[in-house]
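The structure presented is a predicted model; accordingly, all values stated were derived computationally and were not measured.
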Amino acid sequence: MPGTRSPAPSLDGSWRVERISGLLPPVPIQKSISGSSGVTRIGIIRLPFRVDGRRLRYRPPLHAFVDELEPRGKGFDGRAKVLGREYARFRLVRG
């Protein structure tokens, strides 16, 4: 139907983080999301977060960190922020 938009992809699942710009570590980063929670894996480090709409809010002591997501194709473009200031941009790709 003309003018209809395809629905945004679900956040649930396993995601590979691709750096677009800014400060992200030079090692593989993965995100796993299920319902209202998830975890970011950077090597052996696990950083839990809760899902708040299209925001991933990290749990204490990292509660100042938030990833804001926008649907793009079959994935998402993201902005990593700390205390409201952007420090990196990334893309989430299934995998």
Side-chain angles (χ1 to χ4, degrees):
M1 174 180 269
T4 59
R5 295 170 56 187
S6 59
S10 169
L11 283 171
D12 284 351
S14 296
W15 299 91
R16 185 176 74 249
V17 176
E18 294 181 349
R19 180 187 173 278
I20 295 173
S21 66
L23 301 172
L24 289 178
V27 296
I29 301 172
Q30 300 283 326
K31 292 186 186 291
S32 298
I33 303 171
S34 179
S36 64
S37 64
V39 65
T40 297
R41 288 185 193 87
I42 304 170
I44 62 169
I45 299 169
R46 295 173 46 92
L47 306 171
F49 57 81
R50 67 181 171 85
V51 178
D52 179 13
R54 289 194 188 131
R55 289 184 173 91
L56 309 179
R57 298 185 181 276
Y58 287 84
R59 300 200 185 271
L62 301 174
H63 56 275
F65 289 84
V66 176
D67 293 340
E68 296 180 351
L69 306 174
E70 287 296 324
R72 182 165 182 90
K74 294 180 180 179
F76 293 87
D77 281 349
R79 294 172 184 253
K81 295 185 174 187
V82 62
L83 297 173
R85 297 188 144 217
E86 183 177 307
Y87 66 90
R89 290 186 185 199
F90 61 91
R91 182 166 292 122
L92 291 184
V93 178
R94 292 265 180 211

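A cation-pi arrangement is absent between Lys31 and Phe76, since the terminal nitrogen or guanidinium carbon is not both under 6.0 Å from the aromatic centre and inside a 45° cone about the axis.
Annotation: Arg72, atom CZ; neighbour count of heavy atoms from other residues, nucleotides and ligands within 6.0 Å does not exceed 12.
In the hydrophobic cluster analysis, where Ile, Leu, Val, Met, Phe, Trp and Tyr join through side-chain heavy atoms closer than 4.5 angstrom, Val17 is grouped apart from Val39. Residue Val27 is grouped with residue Ile45 when hydrophobic side chains (ILVMFWY) are merged at heavy-atom distances under 4.5 angstrom, including chains of intermediate members. The same ILVMFWY cluster, assembled from side-chain heavy atoms under 4.5 Å apart, contains both Val82 and Ile42.
Leu92 CG to Leu69 CG: the interatomic distance, rounded to the nearest 0.5 Å, is 5.5 Å. Rounding to the nearest 0.5 Å places NZ of Lys81 at 10.5 Å from CG of Asp67. Remark: Ser32 OG to Leu11 CG distance equals 12.5 Å, nearest 0.5 Å. The CG atom of Leu47 sits 6.5 Å away from atom OH of Tyr58, with the distance rounded to the nearest 0.5 Å. Atom-to-atom distance recorded for Ser36:OG and Phe49:CZ is 10.5 Å, nearest 0.5 angstrom.
Nearest approach of Gln30 to Gly95, heavy atoms of both residues: OE1-O, 3.6 Å.
Between Val51 and Leu56, some side-chain heavy-atom pair lies under the 4.5 Å cut-off. The side-chain heavy atoms of Arg94 and Trp15, taken from C-beta on, include a pair separated by under 4.5 Å.
No option in Arg89, Arg85, Arg55, Arg54 other than Arg55 meets the salt bridge (charged side-chain N to carboxylate O under 4.0 Å, His left out) test with Glu68.
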